[in-house]
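Read through the structure below, which is laid out as C-alpha cells, and then see the notes.
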Amino acid sequence: MELNSKYNPSEVEDKWYAYWEKNRCFHSEPDSREPYTVVIPPPNVTGILHMGHVLNNTLNDVLVRKARMDGKNACWVPGTDHASIATESKVVAKLKGMGISKEDITREEFLKYAWEWKEEHGGIILQQLRKLGASCDWDRTKFTMDPELSKAVIATFVHFYKKGLIYRGVRMVNWDPEGLTAVSDEEVIHRDTKSHFYHLKYYISDGKGNPTDDYLVIATTRPETIMADAAICVNPKDERHFRLHGKKVLIPLINREIPVIEDDYVEMDFGTGCLKVTPAHDAHDYEIGLRHNLPVMDIIDDHGRLNEQAQILVGQDRFEARKNIVKMLEEAGNLVKVEEYTSPVGYSERTNAVIEPKLSAQWFLKMDELASKALESVESGKVKLIPDKYRNTYRHWMENVHDWCISRQLWWGQQIPAYYLPDGKIIVEATPEEALKAAQTLNPAYTAADLRQDEDVLDTWFSSWLWPISVFDAERPGHPEHKPNRDLSYYYPTNDLVTGPDILFFWVARMIMAGGEFMGDVPFRNVYLTGIVRDKQGRKMSKTLGNSPDPLDLIAKYGADSVRIGMLLCSSAGNDIFYDESQVEQGRNFCGKIWNAWRLINGWNVDTKGEQPDYALAAVKWFDNLLSRTITEIEDHYSKFRISDALMAIYKLFWDDFCSWYLELVKPAYGCAVDGITYEATVTFFDKLIKLIHPVMPFITEELWQAMEKRGEGESIMFQRTPVAGPFDQDFLGKFALLQEAIVNIRAVRSQKGIAPKQELDLYIADGTFDELVPVLSKLGNVKVFKGKFEGAATSFIVGTVSMSVALDKFVNVDEERAKLAADLDRQRAFLDGVRRKLANKGFVDHAPEAVVAIERKKEADALQRIDALENALKSLGA
RNA sequence: GGGCGCAUAGCUCAGCUGGUUCAGAGCACCUGCCUUACAAGCAGGGGGUCGGCGGUUCGAAUCCGUCUGCGCCCACCA
C-alpha cells in the first residue's frame, strides 16, 4: 500500500477510534483469562479535559493497552462524578441567568433543572477522552448518581448508621458561605494570608455596666466578631492580669458586659495575653466556651453577613463589616494599634471562599476503626503506593484523622435517608416505605405524613469511595452479606489506580476503607500517584493563570500520539511534570520517524532469490539480539511503573538502533533490490517494534499495522501479543557496540579532515577479533579492511583492546596525529596508574569481593594492551 | 510550629544492592551536510567539583551527620 509522504494524525486518529468503537474493541466481559482492571478516577461531570487529565489518562491507557497485549482481559471502566458543590453552583448560576432563584423553587423543580443541565452539558469530558485514545469500555460508563449507584450510597449510609459509626451532632464545622454548605476538613485549604492584627481596648465595667478608667487590650484578626464575644480569657498564671480576675468588661461599641475568665489555653507570650472568646465563630473558642459554660451567640448568617444579633452593621458582609467596624472603633477610641500580620486562613477547595467556622447540626462518620484498617492495608503492602514516599504522608493522615462530616446543605446528590418523627426521633432506612414500617413498630399510628426526611445530601466522596465496587455490582455496598455478582467476583480487586496525590485522602484512602468494609479486600493493588502538571516556570497549570493549553487544541495541532508522548517523556512517577510544548514536538517528530521508516521498507524492491549479503546477516543477528535485550529492559521498567523509562527505551531502540544503525546497514544501494531473507527479517522487526510502541502511541501503530497487510474486519494491533524476549548473546552485543565505536571514529575522522563519505578509505585492523563484523564495518564506514599493522601516515584509535588505523597518506598531518596519540597514551597511563594504585592497596584486595578485584585486574591487562597498541602506532608515525 | 521529600550538564531527569571505563539520557546548543525514508532530518562535537562542609569505608553521586536552598503534607497562638 502507498503511503502519504507525510503522516496526517487527525485523519488517522478519527478513523481508527471510530473503528475501535464500532467493533467494541475495548469491551470486556468476564472469561477464563486473567483480568486486568482499572477504574477511572471519575472526573467531574461538569469538567472539561485539562492537562492533568491528559497525564493521568495517558498513563492509564498505556497500562491498559499493555495489559491487553499481554493477553489479559483488560477492562477500564469510565464514568463521571456528580460533584455536588461544583454542579449545583453551575446550575444555580444558570437559573440566575434565567431569572430564577434557588430559594423560589422546590427541591424537585431544582433537581429537574439539574438533571437537564447534566444531560445537556455533562460528560463532555468523556468525549474528549476518546480524542486522547483512551481505551475505556464505554459500554460500562457509570455516573455516581446513576439510580443503582445512588442506591448503593444510601445502603452504605444505612449500613454504617446501624453499625453505630454514623451519628448526627452539633459541631463546629467548616462552613462555605459561597457554596452554602458545610465541607469536610479535607476540603479546606489553609493558605498564609496577609491580614491585620487589631489591638482593641475593652474597658473594665464598674459592675453596673458602666466603664471605669481601667482597660485591657486584646489582639484580634477578626474585629467584626466582637459583638459575639462571650468572655475575655487570660492565663491564670499571668501576673499582668491578676487584677482582672473576677472582673467584667464591656464590649466596645455595644457595651455588653462579659466576664473575664481564666484558662490555660491562652498563651502568655502571644499577642497581649488577653484572648477574646467568641464561641460561635472559632473552633477553639467554642471549646473554651464549653469548658466555662459560656453562651453561644451567632452573629453571622449562612451567607457570611452580620445578622440581627450583631446589633450593628447588620446585613453587611463580614469583610465589609470588618473595614467599617475598624473605623468605628477608631472613632470611639478603642483602637490601640494595627499590626501587619500573616496567618493561615482556610479556603474552600471548591469555591475558594474563606471558610467560616460555624456551629451546626451535621452528620458524621466515625473514622478511627476504618482508618486503622486502611492504614494496615498500606503498611502491610497489600496496597502499594508508587512512589513509596507517599506511605509516610498516608500514615500521618490516617493516624490523625477526624470524623468525616458527610452531610452537605445541597440538593444535588443523594439525600440522606434519615427521617425525623414528630417527637424528634430519627429513623434511618433506605426508603420512605421502610422508614414508615420502622416507625410503625414504635407507634402503629404513624403515617407517611409524620415522617420528615433530612434535607441534606451526602458528600460526593461518600459515593466515589464505593466506585471500584459499585461500578461492577451496586448491590454489594451496604450489604456485605450479598454474594458478589459475576462482574464483581471477576474484576475485583482492580489492579492499578492512576491518580493525583491531591486526592490520596479524599478518595484513595476512603476507597481502601470501603473496600475493607464491604469486600474484605483492598480495592486495588497499586496506586500510581502522578505529579502535578506545571508550566515551564514551575507554576501549577490553572484556568485562572491561563497558562494551561487546551489539550484538544494540542491534539488538533500535533495528534494525540504526540501529545501522549510529550506528556510521558517528562513523567517520572511522583515528580511534578514540567510541561513544555517542545516535548510534544518531540512526539510529533517520532511519529514522522516511524512513518518514514515504514515508507522506506515498504518502498524496497525485493529479490526473493537474491543472496543475503554478509553485512545483512550480521545486522539481522545483531538486531535480533538487541531486540530481546531491550524487551527485557522494557518489561522491567513497566513492572516498576517506570513508564517514561520504558518509553525512552522504546524510543531509542526504534530511532537509534533500528533506524540509524539497522536500516542504514541493510538498506540496498540505490536502484538495487533487497534479498528476501533480509526483507522478511526487517518486516518482522518492524512488526514487533510497532507492537512495542502501541501502548504509548495507539493510533499511528494501528495505521501502520493495518497498512502492512490486509487485516480482517475487527482485527486490531491492540489484540496482538507483546513481543517476547528470547535469549540474547551479551558478548556479541558487546562486540557490536565496539564496532559501532569504530565506525563513529571513522566518521569523525572524515568529519574532521573533510573527507567525503563517498570516498573509500583503507582500514587496518590489528587482529581478528572483529572478523565476523568486518562486512558491517566496510559498509557503514565505507572502508576497505586489511588485517595487520599499517606502516605509514595514518590516524589510529583503539576499540576495546584492538588497534585500528585509517590510512591517510593524502590527508594526515603527522604532528597532529602524533599529538593525539600521545594525549591518548597519557590518558591510558593515568588510568593504568589509578587501577594499579587500587590493586596495590592491601585494603582493597583484602576487603573487596573477588569479582570486583577481578574486574580491576582485567582493567589493568586491557590498559596494558592498549598502551602497547598506542606505542606501536606512535612508532609507525616515526616517533 | 510538626512531619516528609528533593538538590547530578543550559533545561527536564535516570543512576536500583556503595564497586564494570560511572559521571549518563532526552531536549537545547555548536560545526558540517538539501546523501535517492525522514531538514519534523543526517553525521560529528562541546558541556557537570554530582548544592556546601564533615564523617563511615579499601572504595561514596550512592550510606551517616550537618548547613544552605527549594518543594509537599499536616497544624487555625487569637
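Nothing here was measured: the structure is a model prediction, and the numbers come from that model. A, B, ... follow the sequence lines: proteins, then strands. Residue 1 opens every chain.
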For atom [atom1], what is the distance between [N] and [M], given to the nearest Å?
N      : M      : atom1 : result
B/rC67 : B/rC74 : P     : 26 Å
B/rU20 : B/rG59 : P     : 15 Å
B/rU35 : B/rC13 : P     : 39 Å
B/rG51 : B/rC6  : C1'   : 11 Å
B/rC38 : B/rC33 : C1'   : 15 Å
B/rC64 : B/rG47 : C1'   : 32 Å
B/rU57 : B/rC73 : C1'   : 36 Å
B/rA43 : B/rA25 : P     : 15 Å

For the side chain of [X], counting heavy atoms from C-beta on, which of [options] is nearest?
X      : options                : answer
A/A748 : B/rA75, B/rG45, B/rG19 : B/rG45
A/E267 : B/rC74, B/rC58, B/rC77 : B/rC77
A/T220 : B/rA78, B/rC74, B/rC76 : B/rA78
A/T393 : B/rC38, B/rC73, B/rA78 : B/rC73
A/D656 : B/rC76, B/rC38, B/rG26 : B/rG26
A/M648 : B/rU20, B/rA25, B/rA78 : B/rA25
A/N596 : B/rA37, B/rC73, B/rA78 : B/rA37
A/P344 : B/rA14, B/rA37, B/rC76 : B/rC76

Using purine N1 to pyrimidine N3 plus N6-O4 or O6-N4 for Watson-Crick, or N1-O2 and O6-N3 for G-U wobble, each under 3.5 Å, what pairs with [N]?
N      : answer
B/rG59 : none
B/rA14 : none
B/rA23 : none
B/rC53 : B/rG65
B/rG32 : B/rC42
B/rG1  : B/rC74

By the 4.0 Å heavy-atom rule, please label [X] as base, sugar-phosphate, or nothing.
X      : answer
A/A219 : base
A/A851 : nothing
A/K640 : base
A/D862 : nothing
A/P501 : nothing
A/V744 : sugar-phosphate
A/C591 : nothing
A/T278 : nothing
A/P757 : nothing
A/Y341 : sugar-phosphate
A/Q586 : sugar-phosphate
A/E399 : nothing
A/K652 : sugar-phosphate
A/R588 : base

Derivation of the side-chain contact (heavy atoms from CB on, under 4.5 Å) call for A/I258 and A/V249: CA-CA 6 Å; A/I258 53 170; A/V249 297; 3.7 Å; yes
Would you mind checking if [Y] and [X] are paired as a salt bridge, meaning a charged N to carboxylate O distance below 4.0 Å?
X      : Y      : answer
A/D656 : A/K652 : no
A/E186 : A/R510 : yes
A/E340 : A/K194 : no
A/E581 : A/R588 : no
A/D388 : A/R391 : yes

Residue whose closest nucleotide on RNA chain B lies nearer the 5' end, A/S582 versus A/L600: A/S582
A/A848 or A/V188, whichever maps to the more 5' nucleotide of RNA chain B: A/A848
A/H281/A/I300 under side-chain contact (heavy atoms from CB on, under 4.5 Å): CA gap, chis, key distance, verdict: CA-CA 8 Å; A/H281 302 296; A/I300 297 178; 3.6 Å; yes
Closest non-hydrogen atom pair, A/V584 against A/S562: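 Distance-wise, the nearest heavy atoms are O-CB, 3.7 Å.
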It should be established whether [X] places a side-chain nitrogen or oxygen under 4.0 Å from OP1 or OP2 of nucleotide [N].
X      : N      : value
A/Y651 : B/rC27 : yes
A/N602 : B/rA37 : no
A/T272 : B/rA78 : no
A/K858 : B/rU20 : no
A/W655 : B/rC42 : yes
A/R642 : B/rG15 : yes

Base of B/rA37 paired with side chain of A/E664 (donor-acceptor, under 3.5 Å):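 Between B/rA37 and A/E664, which were checked side chain against base, a qualifying N/O pair under 3.5 Å is present.
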Base of B/rC38 paired with side chain of A/K593 (donor-acceptor, under 3.5 Å):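 By the distance-only test, yes, there is a pair.
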Under 5.5 Å and under 30°: A/F844 stacked on B/rC58: no
Test log, rule ring-ring contact (aromatic ring centres under 6.0 Å, His included), inputs A/F658 and A/Y662: CA-CA 5 Å; A/F658 185 68; A/Y662 177 83; 5.5 Å; yes
Chi angles and distances behind the ring-ring contact (aromatic ring centres under 6.0 Å, His included) call for A/Y394, A/H396: CA-CA 5 Å; A/Y394 182 86; A/H396 185 258; over 10 Å; no
